[in-house]
Each structure stands twice: as C-alpha cells, then as structure tokens.
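Remarks on the structure that follows.
So you know, we letter chains A, B, ... as the sequences are listed, proteins then strands, and number each from 1.
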Number of protein chains: 2
Amino acid sequence: MSGTRERIVEATSALFMERGFSGSGLKQICAASAAPMGSLYHFFPGGKTELAAETLRSSGRAYQLLVEAILDAAPDIVTGVGDCFTGAAETLRASDYADACPIATVALEVASSDEALRRVTAEIFENWVCSAASRFAAAGVNPARARELAIVVLAALEGGFLFSRAARSTTAMEAIGRSMTDHVAAALRS
Amino acid sequence: MSGTRERIVEATSALFMERGFSGSGLKQICAASAAPMGSLYHFFPGGKTELAAETLRSSGRAYQLLVEAILDAAPDIVTGVGDCFTGAAETLRASDYADACPIATVALEVASSDEALRRVTAEIFENWVCSAASRFAAAGVNPARARELAIVVLAALEGGFLFSRAARSTTAMEAIGRSMTDHVAAALRS
DNA sequence: GTCTATAGCTTGATAGAC
DNA sequence: GTCTATCAAGCTATAGAC
C-alpha cells in the first residue's frame, strides 16, 4: 500500500493548479513527491497522459465532495451556495491564490489539443453539474431549471476563480457569490 | 512596416488559445507565422515573456472592441448581453471550439507562476469590467451595482467558454446566456 | 518496487554572417 | 532586418541493475 502513488497524484494536482499541464514536468513532479522516475512509470505506464487523467479524476472527485459537504451542511440551499463562494474566497486568500479549481487550467489547455484528456475534464464537469442540479431539485427548483441553475452557478464560480486569481483579490468572487445567491433565491420563488 | 511582427503576434494568439502559454513553443510560433527565429528576437528582445505580454494586450483589446460593438449595436442592453452569449456560442461551433477567450487559459497558467504576466492579465480583465460597467450604468443600472453586474456577466461568460469547450457543446453557453439576460433585466428593474 | 542513467527530442535563447 | 547554426537545459520516456 505504498503511499508513493498517492504522493505522486497529490503533487501533480498541486503543480497543475500552479503551473498547468504543459508547465509541469515529470521530473518536477517526481522531485515534489520524493519519488524516483521509475516509480512514476511503474504506477502510470501510460506516462504523463495517464497520470494527468487519474489526477484530474481524483481531484475532481475530492472537489465535488467538498462542495456537497458545504451544501449539505447549510440550513438551506441559498445559504449553501453563498457558503461555497465565501469558502472559495477564504481558501484563495489563505493559499496565496494558488488553491483554486483543480480542473479549469488543464481543461482549457487540453480542450483543443488532447482529446483523451478533454473527455476526462468533460466528464468531471458533468458530474459536478449533476450533483449540484440534484441539490437544487431537492430544494424545490423545477427539475428542468435545476440543471441550468447548476450550470450557471458553477460557471460563475469558475469565472470567479479566474478573475480573483488574476487580480489577487477576492472582491470578484464575493460579488459573484452575492449575485448567485440572489439568482438561486429567485429560481426558488418561481 | 513589415507585417512580420503582426504575423508573429497573431500566430501567438491563436496558439495560446489552442495550447496555452507553456504548450506553445517559440519554434512553433515561428513556423506558424513564417518568421525566422532571429526576427522574433529582433521584435521582442525580451523573449517569450515580452511576446506573450504584447499578444495578451493585443487580443484583449480586440476582444473588448468586439464585445463593445455587439453591445452598442443592440437595441437595448438586455438584448446586447444575450447577443454576446449567442455570438460566443456560434463562434465556438464555427471554430470547432478553438476560438474562445484569448486570455483565460494563459491567465490561469501564469496566475501563480509568472508575476509579470499575471499583472498583464489582471489589467485586461479590469479594462473589460470597466467597459461593461459603463454600458450597464448608461442603460440605467445604479453605478455601484453596474460594476458588480459587469463582473458577474463576464465571469459567467468565461465559465461558459470553459464548460462549452470541455463538453464540445454550446448548451452550457446558451443556458448561461439566458440566465444572464434575466439577471441584467432584474438589475434594471431594481 | 526502487532507483540511476541516459537516449532522443524540444525548449528558450544567442551569435554571427549576410 | 533576415536567416542559420548552435548552445545549454529541459522534456518524456526507457533500460536495466538492484
């Protein structure tokens, strides 16, 4: 049960957030996870693509569980959505704007240049949308609208990460969070 | 007035959208723009960073002018916002999901790893927000709210590019566009 | 499973002829 | 201003001893 494999995946996830897919070298990943090159290719014979696919799936799942936990802990869905945005803002500040979406950077890099990885990112986003949509529907939003609402809220969260990281300020994330709580509240009333 | 310099910047912009900053090599850029290596360093003695900064500024300005033209051509601001999203969706489909935001991919790549380029992307986004906010204010939105509204609409547009490119489908962009027109209309009524 | 060494290629950048 | 040749360093990937 050597933790080497897990260490490699964790180091890859962190490097992907800081430098993206092309900017993260396998040597750098090995150094960051204190793993030799041979171990990386032992666990991931498919090389960088296989490692990236597993890293994206793993951090995508972890991120989904985090959001679900925040939504389920809140007294109502509107508060829960607000908590996601304030939590994202706090995490950004606490991590010096490094700990953001673990998928977006790589997703944009590979969208037009690596079909296998593009499919992986599409699957992760689809899981996120389904997860959020089911929460909105359970909270009383018309099921057909619930999916659209999930798409909008998650897209706005991604835009918030982009603007907040670029500006090194969380004012964008906070403004977007306010708008999204209003938007979800309006959807509940209709 | 050798067009070599312009060709280099244009090729760089296209490659940044398709493969990002780290994924675009200078040799690739020279090949795509039919320019020799020596010319690239003649025009951009600061190397890849200087070329990237100028490319980002140039395509950021062009993108802003495009959005402003769409907004100003529309009969009202709500229609104009809707036109931006349907236009983005059409452009994505027509370009096989390659022609999207010219800044976002690079902005995420450099946010935590290249301070000089991070500042450039922050400045571009700030210009976009100011431009959109002034249109919203001119349409009758309370000036304090106009800036927040601009941030939300642009962030949602960026999230729409991300989800639509990953899924190779414009349904996300279209759903987000519908929500944003509703959101802008609501801001006008309040 | 772990580790070292290295092949083969590409990267960003430079030098110097023209 | 243009172009070629080249450098040192980085990359992904592999081979093979332990």
Side-chain angles (χ1 to χ4, degrees), chain A residues 1-56 58 105-106 109-110 112-118 120, chain B residues 1-57 105-106 108-110 112-118 120-121:
Chain A
M1 71 133 259
S2 78
T4 306
R5 189 190 162 96
E6 286 85 342
R7 282 206 321 278
I8 293 175
V9 172
E10 270 175 45
T12 305
S13 179
L15 277 166
F16 277 3
M17 279 196 268
E18 280 181 30
R19 322 180 67 85
F21 175 74
S22 302
S24 303
L26 294 184
K27 283 197 172 148
Q28 216 173 346
I29 288 168
C30 286
S33 54
M37 204 67 174
S39 294
L40 195 154
Y41 275 91
H42 169 72
F43 291 117
F44 304 98
K48 197 182 190 184
T49 299
E50 187 183 345
L51 170 60
E54 171 136 344
T55 298
L56 290 169
S58 164
T105 312
V106 179
E109 284 182 272
V110 304
S112 297
S113 57
D114 189 315
E115 178 62 11
L117 289 178
R118 191 222 105 220
V120 174
Chain B
M1 71 132 262
S2 77
T4 305
R5 189 189 161 96
E6 288 84 343
R7 282 207 320 279
I8 293 174
V9 171
E10 270 174 46
T12 305
S13 180
L15 277 165
F16 278 3
M17 280 197 269
E18 279 182 29
R19 323 180 65 86
F21 175 74
S22 302
S24 303
L26 294 185
K27 289 211 167 125
Q28 215 173 347
I29 288 168
C30 287
S33 53
M37 204 67 172
S39 295
L40 194 153
Y41 275 90
H42 169 73
F43 292 116
F44 304 98
K48 197 181 188 183
T49 299
E50 186 183 345
L51 170 60
E54 169 136 346
T55 298
L56 289 168
R57 274 192 260 260
T105 311
V106 179
L108 289 177
E109 283 183 275
V110 304
S112 296
S113 56
D114 190 315
E115 179 61 10
L117 289 178
R118 190 222 106 220
V120 175
T121 64

Any A/Thr4 side-chain N or O less than 4.0 Å from OP1/OP2 of C/dG1: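 For A/Thr4, the contact criterion (side-chain N or O under 4.0 Å from OP1 or OP2 of C/dG1) is not met.
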
Phosphate OP1/OP2 of C/dT2 contacted by A/Ser39 side-chain N/O (<4.0 Å):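 So the side chain of A/Ser39 is within the cut-off, an N or O lying under 4.0 Å from OP1 or OP2 of C/dT2.
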
Quick check: does any side chain N or O of [X] sit under 3.5 Å from a backbone N or O of [Y], one acting as donor and the other as acceptor?
| X | Y | result |
| --- | --- | --- |
| B/Thr121 | B/Arg118 | yes |
| B/Ser13 | B/Val9 | no |
| B/Ser24 | B/Leu15 | yes |

Reading 5' to 3' through nucleotides 11-18 of chain D, protein heavy-atom contacts under 4.0 Å coded B for base, S for sugar-phosphate only, - for none: BBBB----

For [X] and [Y], which heavy atoms make the closest approach, and how far apart are they?
| X | Y | answer |
| --- | --- | --- |
| A/Leu117 | A/Ala53 | CD2-N, 3.7 Å |
| B/Arg19 | A/Ser113 | NH1-CB, 3.9 Å |
| B/Thr12 | B/Ile8 | OG1-O, 2.7 Å |

What is the distance from [atom1] of [X] to [atom2] of [N], rounded to the nearest Å?
| X | N | atom1 | atom2 | answer |
| --- | --- | --- | --- | --- |
| B/Leu15 | C/dT11 | CG | P | 11 Å |
| B/Leu40 | C/dT11 | CG | C1' | 13 Å |
| A/His42 | C/dG1 | NE2 | P | 4 Å |

